[in-house]
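In what follows, every chain begins at residue 1, and chains take the letters A, B, ... in the order their sequences are listed. A quick note: this is a predicted structure, and the numbers were derived from the prediction, not measured. Basis for what follows: all heavy atoms, side chains included, without hydrogens, waters or symmetry-related copies.
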Amino acid sequence: MDWERILTNVAGEVFAPTTAAYALAAIGLNIHFGLTGLLNFGQAGFMLLGAYGFAISTIAGYPVWAAVLVALACSAIFALILGIPTLKLRGDYLAIVTIAAAEIVRIIGRSTALTDVTGASSGLRGDSYKETFTALSPFGDGSTTLGPFTYSNSSSNSWWIRVVGWVLVAIACVLVWRLLNSPWGRVLKGIREDEDAVRSLGKNVYSYKMQALVLGGAIGSLAGIVYVLPRAVQPDSMGRPMTFWVWTILLLGGAATVFGPVLGSMVFWAALMLIKTVGREVIPTTVMSSAQIEQFGQIVVGVTLMLLVIFRPQGMLGDKKELAINVR
Amino acid sequence: MSAETTALAGVEHRPGAPKPDPILVADGVVRRFGGMTAVDVDHLEVQRGAITALIGPNGAGKTTLFNLLTGFDQPQEGRWSFEGRSLGGVSAARVSRSGMVRTFQLTKALSRMTVMENMRLGARDQPGENILAALVPPVWRSRERAITGKAEHLLERFKLLDKKDDFAGSLSGGQRKLLEMARALMSDPTMVMLDEPMAGVNPALTQSLLGHIQSLRDEGTTVLFVEHDMHMVRHISDWVAVMAEGRLVAEGPPTTVMADPAVVDAYLGAHHDTDLGDDSLLDDEYTHQLEAEERAEDERKDHR
Ligand SMILES: Nc1ncnc2c1ncn2[C@@H]1O[C@H](COP(=O)(O)OP(=O)(O)OP(=O)(O)O)[C@@H](O)[C@H]1O
Ligand SMILES: [Mg+2]
């Protein structure tokens, strides 16, 4: 077995753009769930909207900053539409509405009526919206090798998108850390514990929940942009499984912690890659085809998640003491 | 005898009696759950700066009335005002900000937050509770220090200071009651509404807290509390209002109200086989029995 290649693949996955994208998405979800207790089962919807918002406005000729603003605005409006009817109701309603709304975004995106705008189910080709972002790169053309890793400098799956992705992750972490340790974050945690108690103390719970939903969704839309920059916008690759994986990452790393989502994403993608590559080496193709090994990897992830929730519900970074408290 | 008792001296001993200086006035408040009328209060006035006890048998509608007055529930009919401002349809948070802060019968400690964080959350005017200001600590640090100092002071009073860094969820039931009450006081409310504040608190501490409630009153805070313990009611209240089956059936000073035939009727109607002094005992036993059932239920669940 070629361990060196396997380990290189796995290590490359730790800082891949996709890993950064999922880390960002999980940071957004952490603001919803970890801090505020909002059950958002439609984070992929926020990501897809961000991706569409960025790609479509870039294709329409907007510069990068404007396209990013469009993506943020889309997710903010989406959050308002989801939040206005549901945030006054019990938590489960938001869960149901977000699942449905994310599906609606995907289904509208892939509908043939919008072929001119969204490219329907085949989506938008990466080349059609990558140029402005690539042009911003200070790294120039060609490719660079650092240690065992060789990527192009600026285009597609590049060093440039890695740098931008991880800088965004770092900024989001600082933001969450700052907010988590502020009076604002304290109100959110109070809401997570008991809304009525917080109401009785004179805080406008609805407004705080809305702020959390919008902020987490906005970070989700940035995640969507980072996710599609090295590939294409394909609505069907950003559906329920994506939301499910973001949840897995958050729970794996530890909800309500600053670095949990980042660590969770790194471990998740590295583990998946390890299972896949080892599987391809070890399992003969007569037993499992390459595609089946991919699915096998996902089954292992599912089982891992179950074990995790049973044996380490606080995740890797969560506070055991905090979780030991019965929520009565 | 306090000044408030004197102020209430001339007030008639009947339900809905007008007070010389009412802070809270409710009129025709009706709350029905399906066909059942939980609250039907024609008229109620609460004297400013006095300690008023709201008593009545289980299910009399006391908690429901609290919920209505504080915006946690909406009545089918009725008007009520606090300090002259109408509060009909006003949200619970607004009611609280207007100076009427309540606690809950079923304690709402914020379990996975520390005792100190619970306390800080009760404070007002913390600019850092705005999302933008939160990003700039210098804007809210000094206020945070003031809040923390005040919280420590209150926690000391409530014998919780050495627990300040523990999670609220690790406190005992009685300690949670205390925490909730202390937290409500963080905002210096004009009026506090306490739903069974002493249930489960040990007698020695009860004594000292009663003293605290009295000193709150002496500083000008209005107190309205629900309590089943008649000794406590007699000990600290300036005025007692009695509810039964959703209605206000009697009002009067604590020394005489229990002799009111309407009150005797209300209690004996609800508990045929007990006398009035045993009320708290009955309540405790009932609670224990419920808790035991709940535990058994939990265990059953765990074993599956
Ligand atoms: N949400 C609800 N739905 C239906 N019925 C309710 C609801 N809340 C209260 N009730 C009913 O209203 C009546 C009054 O209840 P409430 O909790 O106000 O009593 P209470 O005076 O506070 O009693 P206790 O001393 O036992 O706390 C009870 O008969 C209760 O069953
Ligand atoms: Mg009650």
Side-chain angles (χ1 to χ4, degrees), chain A residues 31 34-37 87-88 171-172 174-216 218 254-257 313-314 318-328, chain B residues 67 70-72 91-104 106-114 117-118 120-137 139-141 143-144 147 166-171 173 176 180 183-184 186-187 189 193 294 298:
Chain A
I31 294 176
L35 257 64
T36 324
L87 289 183
K88 287 210 165 135
I171 293 172
V174 171
L175 183 76
V176 167
W177 168 80
R178 185 61 276 165
L179 289 174
L180 191 67
N181 295 298
S182 76
W184 185 79
R186 181 164 67 217
V187 178
L188 294 195
K189 278 192 261 175
I191 292 171
R192 178 189 74 189
E193 297 302 307
D194 194 317
E195 272 185 52
D196 278 343
V198 176
R199 249 180 224 121
S200 79
L201 299 173
K203 322 287 178 208
N204 187 342
V205 168
Y206 180 65
S207 153
Y208 279 98
K209 285 206 241 175
M210 190 62 93
Q211 290 170 32
L213 190 63
V214 170
L215 181 62
T257 62
Q314 76 274 29
D319 183 348
K320 185 108 183 245
K321 206 166 105 229
E322 189 169 318
L323 214 96
I325 306 250
N326 262 332
V327 182
R328 270 170 278 196
Chain B
N67 289 346
T70 51
F72 279 87
S91 76
R94 278 267 184 85
V95 171
S96 168
R97 283 201 294 274
S98 75
M100 182 157 80
V101 179
R102 68 162 309 173
T103 65
F104 295 87
L106 298 171
T107 326
K108 294 187 185 296
L110 306 167
S111 300
R112 288 180 296 168
M113 292 170 77
T114 64
E117 294 265 271
N118 265 269
R120 288 184 182 135
L121 200 56
R124 292 287 151 76
D125 304 320
Q126 167 53 281
E129 286 179 2
N130 176 293
I131 183 166
L132 294 177
L135 298 173
V136 194
V139 174
W140 47 263
R141 279 259 163 77
R143 177 68 186 141
E144 191 80 346
I147 288 171
D166 292 3
F167 282 117
S170 71
L171 298 182
R176 287 179 206 206
E180 197 183 19
R183 189 175 66 193
M186 279 297 288
S187 61
M193 316 224 340
E294 208 170 343
D298 282 347

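With contacts defined as side-chain heavy-atom distances shorter than 4.5 Å, the pair A:Lys203/B:Leu121 qualifies. No side-chain heavy atom of A:Tyr206 sits under 4.5 Å from any side-chain heavy atom of B:Ser91.
Ranked by heavy-atom pairs under 4.5 Å with chain A, the first of B:Met186, B:Arg124, B:Glu180 is B:Arg124. Interface summary for chain B: among A:Leu175, A:Val187, A:Asp196, the most heavy-atom pairs under 4.5 angstrom belong to A:Asp196. Put simply, of B:Arg94, B:Arg102, B:Met100, B:Arg183, the one with the most heavy-atom pairs under 4.5 Å next to chain A is B:Arg183.
Nearest heavy atom pair, residue A:Arg186 against residue B:Met113, reads O-CE, 3.6 Å. Nearest heavy atom pair, residue B:Ala134 against residue A:Leu179, reads CB-CD2, 4.0 Å. Shortest non-hydrogen contact noted between A:Trp184 and B:Asn130 is CD1-C, 4.0 Å. When every heavy atom of B:Glu129 is checked against every heavy atom of A:Tyr208, the shortest pair comes out as O-OH, 2.7 Å. Listed here is the closest heavy atom pair of A:Asn204 and B:Arg97: N-NH1, 4.0 Å. Residue A:Gly202 comes nearest to B:Ser96 through the heavy atom pair N-OG, 3.1 Å, listed as atom of the first residue, atom of the second, then distance.
Neither the backbone nor the side chain of A:Val205 has a heavy atom closer than 4.5 Å to any heavy atom of chain B. Heavy atoms of A:Leu215 lying under 4.5 Å from chain B belong exclusively to its side chain. There is no contact between B:Ala133 and chain A, counting heavy-atom distances below 4.5 Å. For a residue to count as touching a neighbouring chain, one of its non-hydrogen atoms must lie under 4.5 Å from one of that chain's; by this rule B:Pro137 touches chain A with the side chain only. Contact annotation for B:Glu117: both backbone and side-chain heavy atoms come within less than 4.5 Å of a heavy atom of chain A.
Between the CZ atom of B:Phe104 and the OG atom of A:Ser200 there is a distance of 4.5 Å, given to the nearest 0.5 Å. Between the CG atom of B:Leu110 and the CG atom of A:Leu201 there is a distance of 7.5 Å, given to the nearest 0.5 Å.
We find that A:Glu195 and B:Lys108 are not joined by a salt bridge, their nearest charged nitrogen and carboxylate oxygen being 4.0 Å or further apart.
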